[in-house]
Amino acid sequence: MLTQTACLVHIVDGDLPTRSTLARALGAAGIACRVHSTGADALTVLGTASACLVIRSSLPDMTARELMAEAALQGHDLPVLVVTDQGDVEAAVGAMKAGALDCLAHPFTTGTFLERVRACLASENPQAQQRDRGRDASRRLALLSRRESEVLRLIVEGKQSKTIAWELGISIKTVEVHRARIMEKTGCRSIVGLGRLWEAAEMLRARNLPWPVPSSLPSMAAMVEMGAP
């Protein structure tokens, strides 16, 4: 019955009758699944075949938010459907803020459950998209020389060519040459584009992947005001 491993759904629920009912519903619909009574159990088996997580908001060993955070730290960017108790608005809001794709309140029909799971399986996980954008940005920024990276850092801090030249001890003409090469190597056509590229790399760095970025970054509105070089 559990043959579609490319769409493997992990059900994490401390209540045996509930997880058994959900597993039977998925099986009858031809969707492969595995059931887990705790978050720790689920974390030990998540892998490349995993496609979706169905998590009860409160588990015996952790909350749904804690499980989502731990899964992300382990590199599992999966769409998540969180099952909450009826009227538990706090749990639903918290799950969505933590990155859950959807929430479903108990009690619900089998049809509604399958509809939400299929939507998760068909979705492109925003976290995975963000990760891919960050990796692409890091690859493009890695093409820059050490001096070009220094110039870029000052550009995204909102500094003009004259100030950059003074801080680095080079001529304004040299700054403009570096700026042109930065645009060419990264494929960006404006300072706004550079800012978006830098921000994507910063988000990746925040997940403990390499790319040195400044602690603060001007807003996109500020970059628009600066205009293209």
Side-chain angles (χ1 to χ4, degrees), residues 6 43 46-53 65-80 97-101 120 122-229:
L43 289 168
L46 293 182
T48 55
S50 304
C52 176
L53 276 169
R65 295 179 66 178
E66 290 170 339
L67 174 53
M68 292 164 61
E70 187 60 33
L73 286 175
Q74 294 184 14
H76 303 299
D77 292 314
L78 303 173
V80 176
K97 285 184 177 180
L101 188 65
C120 285
S123 71
E124 293 188 22
N125 186 17
Q127 293 182 16
Q129 291 179 330
Q130 185 183 87
R131 176 204 60 204
D132 292 341
R133 285 194 296 269
R135 287 177 177 173
D136 176 65
S138 292
R139 283 193 294 268
R140 290 159 69 180
L141 294 176
L143 298 174
L144 304 181
S145 68
R146 187 171 185 176
R147 177 62 86 183
E148 288 165 353
S149 295
E150 291 174 342
V151 172
L152 175 58
R153 186 184 300 274
L154 296 174
I155 289 174
V156 298
E157 288 177 356
K159 296 179 180 177
Q160 301 298 321
S161 295
K162 181 177 180 180
T163 303
I164 294 173
W166 181 83
E167 290 194 19
L168 297 180
I170 57 179
S171 68
I172 295 178
K173 183 177 180 179
T174 300
V175 172
E176 295 301 329
V177 170
H178 285 313
R179 189 191 292 260
R181 287 176 178 168
I182 291 169
M183 294 291 188
E184 180 181 357
K185 289 183 178 181
T186 61
C188 295
R189 298 182 179 181
S190 68
I191 290 180
V192 173
L194 283 175
R196 292 193 179 117
L197 197 71
W198 192 276
E199 285 178 338
E202 180 181 9
M203 290 179 183
L204 190 68
R205 179 205 58 83
R207 300 181 63 180
N208 299 318
L209 292 175
W211 176 254
V213 296
S215 57
S216 61
L217 190 70
S219 66
M220 295 309 300
M223 289 187 170
V224 170
E225 290 180 1
M226 286 188 284

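Here, residue 1 is the first one in the sequence, and each next residue gets the next number. Side chains are part of it too, since the values below use all heavy atoms of this structure and drop only hydrogens, waters and symmetry mates.
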Give me the atom names and distance for the closest heavy-atom approach of Pro79 to Leu101. CB-CD2, 3.9 Å
Looking at every heavy atom in both Ser161 and Arg179, which two are closest together, and how far apart are they? OG-NH2, 2.8 Å
Is there a side-chain contact (heavy atoms from CB on, under 4.5 Å) between Leu67 and Leu43 once you walk through the steps? CA-CA 8 Å; Leu67 174 53; Leu43 289 168; 3.6 Å; yes
If you measure from [atom1] on [X] to [atom2] on [Y], what distance do you get to the nearest 0.5 Å?
X	Y	atom1	atom2	answer
Glu199	Leu194	CD	CG	11.5 Å
Leu143	Ser138	CG	OG	11.0 Å
Glu148	Leu152	CD	CG	9.5 Å
Leu141	Ile182	CG	CD1	9.5 Å
Met68	Glu66	CE	CD	11.5 Å

Are any of the side-chain heavy atoms of [X] and [Y] separated by less than 4.5 Å?
X	Y	value
Glu150	Ile164	no
Cys188	Arg196	no
Gln74	Leu46	no
Leu154	Val175	no

Above 12 or not: heavy atoms from other molecules or residues under 6.0 Å from CZ of Arg181? no
Run Ile170 and Arg147 through side-chain contact (heavy atoms from CB on, under 4.5 Å) and show every step you take. CA-CA 11 Å; Ile170 57 179; Arg147 177 62 86 183; 4.3 Å; yes
Return the set of residues passing salt bridge (Lys or Arg N to Asp or Glu O under 4.0 Å) with Glu167 (not counting sequence neighbours), or none when no residue passes. Lys159
Carefully, step by step, assess Leu144 and Val151 under the rule side-chain contact (heavy atoms from CB on, under 4.5 Å). CA-CA 10 Å; Leu144 304 181; Val151 172; over 6 Å; no
